[in-house]
Amino acid sequence: MEAPLSPRESARFVAENSRDVLVDLEGVRRAAELLLPAASAWRVEHWKALHELNPRGADEAALDWVFMVDSLNFSFWAEQEERKCEVRYGGTAYTGYWALCAAVNRALDQGIPVTSASYYATVTLDQVRDIFRSDTAVPMPLIEERHRILNETGKILLEKFGGSFLNCVQKSEKSAQRLMHLVVEHFPSYRDEAQFGGRRIAFYKRAQILVADTWSVLEGKGDGCFEDISSITMFADYRLPQILVYLGALKYSDKLLEKLRKGEMLSNGDKQEVEIRGCSIWCVELIRDSLLELLEERGEKPQGEINSILLDYHLWDYARDHRDDMSAVPFHRTRCVYY
Ligand SMILES: Nc1nc2c(c(CN[C@H]3C=C[C@H](O)[C@@H]3O)cn2[C@@H]2O[C@H](COP(=O)(O)O)[C@@H](O)[C@H]2O)c(=O)[nH]1
């Protein structure tokens with residue numbers, strides 16, 4: 001099979017051929033102006049402090065935490081908004097992606113070595129159900145797939161990288177692209193690819209967020225000093241499209257909007273699902289470019305770094321904090337292990 005286009009080229013190709021999703025250039029500019037005050041202060045060193053559940057260290061154990069969590073970083077959305085999986089940890093009730101992190105930290109606190117490949121390569125389904133148990137009647141979605149992926153991923157990490165994700169990172173020799181391709185080549189559950197307009201395309205959402213979280217947990221230093229980190233695009237999940245539509249940078253056709261409002265599912269790889277994901281990536285690339293142009297026009301230098309990763313993190317956090325304001329904008333419902 002032909003090698004897929006890179007995520008950035010896939011996004012450009014989809015945006016140029018999309019029918020139901022449009023990147024609005026005026027909206028892109030307005031979004032960049034809205035984000036500019038915050039953008040100047042974005043720094044990779046802030047990632048850890050951003051959220052209490054992120055690992056604190058920058059060692060092998062922290063990398064194993066990131067690898068195991070990003071191997072399961074998919075599909076947390078609930079069938080009914082009011083009936084969600086919830087994990088209580090340290091006095092807080094967490095939902096969505098944070099419920100996953102809270103469950104991992106809860107297990108570690110109980111002495112279960114859940115982030116060690118030697119453990120999760122042979123963990124049983126019953127043990128996985130217990131580790132990720134919800135504190136409500138609603139279980140975490142796709143628990144069987146999460147079990148299968150843990151066994152598969154753990155076995156491969158043991159066989160090919162001595163059971164340590166640090167070895168995989170060091171093999172990339174400080175190239176974000178090489179690390180992304182190493183992960184996709186060796187770990188099947190990260191192969192987030194599709195067919196669109198006669199071309200093979202790839203979004204590699206979990207492989208790219210894994211590279212980004214590796215860069216972040218290592219604070220861009222040592223093995224994490226990727227010279228090509230700016231080549232990583234935004235991560236095409238189901239939250240970012242929602243916020244981009246809310247900000248007016250992305251537009252859905254009436255037909256698509258109606259479908260999403262009714263809560264209809266889109267299958268992974270459907271034309272409209274690919275258009276949503278591809279246009280979202282392209283939209284964030286253009287917002288990033290617009291931020292750099294605005295800074296240039298104002299003769300300002302950012303204190304940190306303006307790239308699609310830090311822009312994505314900011315937008316994702318913004319979406320989390322403005323969930324209610326965005327309730328009129330539907331997110332697309334796809335059940336899969338890729339995002
Ligand atoms: N584009 C993008 N998508 C991201 C993330 C994250 C969390 N990562 C960073 C955030 C904090 C830490 O600093 C991590 O570095 C999770 N997701 C996706 O969202 C969905 C979960 O949403 P909800 O159901 O609301 O929890 C699901 O597809 C999940 O895969 C991100 O950052 N960007």
Side-chain angles (χ1 to χ4, degrees), residues 7 11 42-56 62-63 65-81 84-87 93-105 134 138 140-142 145-146 149 189-190 192 203-220 224 232-244 246 250 268 273 276-277 280-281 283-285 287-288 307-324 326-327 329-339:
W42 292 337
R43 304 183 69 84
V44 65
E45 293 79 3
H46 295 166
W47 182 81
K48 283 189 187 127
L50 262 180
H51 298 286
E52 67 276 12
L53 296 181
N54 281 341
R56 291 287 157 247
L63 283 175
W65 188 98
V66 161
F67 179 64
M68 183 262 187
V69 164
D70 279 334
S71 295
L72 300 181
N73 187 358
F74 55 82
S75 211
F76 301 105
W77 58 268
E79 299 293 338
Q80 289 125 329
E81 196 50 26
K84 281 186 163 183
C85 164
E86 226 178 67
V87 173
Y94 294 95
T95 60
Y97 165 79
W98 292 120
L100 172 74
C101 297
V104 168
N105 291 352
S134 168
V138 186
M140 191 177 286
L142 299 182
E145 283 77 2
R146 295 180 203 275
I149 285 173
S189 80
Y190 281 83
D192 175 7
F203 295 141
Y204 293 153
K205 181 262 176 194
R206 287 204 286 111
Q208 291 203 98
I209 202 168
L210 173 57
V211 173
D213 287 351
T214 299
W215 177 62
S216 299
V217 85
L218 296 177
E219 299 185 4
I232 295 293
T233 73
M234 158 273 203
F235 322 118
D237 71 322
Y238 53 85
R239 290 291 173 213
L240 265 282
Q242 191 183 18
I243 183 80
L244 294 172
Y246 173 73
L250 207 58
N268 178 232
E273 186 246 11
I276 291 172
R277 299 183 75 203
S280 296
I281 292 175
C283 184
V284 170
E285 293 294 285
I287 293 175
R288 189 244 2 245
N307 61 36
S308 294
I309 292 174
L310 297 176
L311 174 47
D312 174 290
Y313 282 163
H314 181 82
L315 287 169
W316 192 83
D317 284 333
Y318 187 101
R320 268 255 152 175
D321 300 342
H322 295 77
R323 186 64 53 79
D324 298 345
M326 297 188 336
S327 56
V329 179
F331 65 87
H332 71 282
R333 292 158 176 258
T334 297
R335 265 301 171 228
C336 71
V337 301
Y338 298 113
Y339 64 99

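One is the number of the first residue; the rest follow in order along the sequence. First listed ligand is number 1; within each ligand, the first listed atom is number 1.
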Worksheet item: What about the rings of H51 and Y313, do their centers lie closer together than 6.0 Å?
Response: no
Worksheet entry | Atoms in ligand 1 with a heavy atom of H51 nearer than 4.0 Å | 11 (C), 13 (O)
Worksheet item: Within the side chain of R206, is there an N or O that forms a donor-acceptor pair under 3.5 Å with the backbone of V337?
Response: yes
Fill in: Residue, atom name and distance, where the atom is the protein heavy atom closest to atom 33 (N) of ligand 1
D312 OD1, 2.6 Å
Fill in: Polar atom proximity, S75 to ligand 1 (N or O, under 3.5 Å)
no
Worksheet item: Looking at ligand 1, does R206 have a heavy atom less than 4.0 Å from it?
Response: no
Worksheet item: Would you say ligand 1 has an N or O under 3.5 Å from any N or O of D317?
Response: no
Fill in: Whether D312 side chain and L315 backbone form a donor-acceptor pair below 3.5 Å
no
Discussion item. If we set the cut-off at 4.0 Å for heavy atoms, which region of M234 has an atom near ligand 1: side chain, backbone, both, or neither?
Written reply: neither
Discussion item. Heavy-atom distances under 4.0 Å decide this one: backbone, side chain, both or neither, for Q242 against ligand 1?
Written reply: neither
Practice prompt. Among all protein heavy atoms, pick out the one at the shortest distance from atom 29 (C) of ligand 1; state its residue, atom name and that distance to 0.1 Å.
Written response: N73 OD1, 3.1 Å
Discussion item. Under 4.0 Å from a heavy atom of N54: which atoms of ligand 1 are those, numbered in the order shown and with their elements?
Written reply: 12 (C), 13 (O)
Worksheet item: When only distance counts, is W47 in polar contact with ligand 1, meaning an N/O pair under 3.5 Å?
Response: yes
Fill in: Residue of the set W77, Y339, Y238 for which side-chain hydrogen bond (donor to acceptor under 3.5 Å, both in side chains) holds with T334
Y339
Discussion item. When you compare the side chain of F203 with that of T233, does any pair of heavy atoms fall below 4.5 Å?
Written reply: no
Worksheet item: Nearest protein heavy atom to atom 30 (O) of ligand 1, by residue and atom, and its distance?
Response: K205 NZ, 2.5 Å
Worksheet item: Any idea which of Y97, W215, W77, F76 brings a heavy atom closest to atom 7 (C) of ligand 1?
Response: Y97
Worksheet entry | Residue W98 vicinity, atoms of ligand 1 by number, heavy atom under 4.0 Å | 11 (C), 12 (C)
Worksheet item: Identify the closest protein heavy atom to atom 4 (C) of ligand 1: which residue and atom is it, and at what distance?
Response: W316 NE1, 3.2 Å
Practice prompt. Report yes if some heavy atom in the side chain of H46 is under 4.5 Å from a heavy atom in the side chain of W42; otherwise report no.
Written response: no
Practice prompt. Looking only at non-hydrogen atoms, find the nearest pair between G224 and W215 and report the distance.
Written response: O-CD1, 3.1 Å
Worksheet item: What atoms in ligand 1 come closer than 4.0 Å to a heavy atom of Y339?
Response: 28 (O)
Item to complete: Show which atoms of ligand 1 fall inside a sub-4.0 Å distance from at least one heavy-atom site of Y313.
Response: 15 (O), 32 (O)
Discussion item. Is the ring pair Y318/H322 parallel, tilted or perpendicular, if the boundaries are 30 and 60 degrees?
Written reply: parallel
Practice prompt. Considering heavy atoms of the protein only, find what lies nearest to atom 25 (O) of ligand 1 and give residue, atom and distance to 0.1 Å.
Written response: R239 NE, 2.6 Å
Discussion item. Check whether K48 reaches the backbone of P55 with its side chain - one donor and one acceptor, N or O, closer than 3.5 Å.
Written reply: no
Worksheet item: Less than 4.5 Å apart, any side-chain heavy atom of W316 and any of D237?
Response: yes
Worksheet item: Looking only at protein heavy atoms, which one is nearest to atom 28 (O) of ligand 1, and how far off is it?
Response: Y238 CE2, 3.1 Å
Item to complete: Please verify whether a non-hydrogen atom of L240 lies at under 4.0 Å from ligand 1.
Response: yes
Worksheet item: For W65 and L53, which heavy atoms make the closest approach, and how far apart are they?
Response: CZ2-O, 3.4 Å
Worksheet item: Between S75 and Y338, do the side chains contain an N or O donor and an N or O acceptor separated by less than 3.5 Å?
Response: no
Fill in: I209 N/O to ligand 1 N/O under 3.5 Å
no
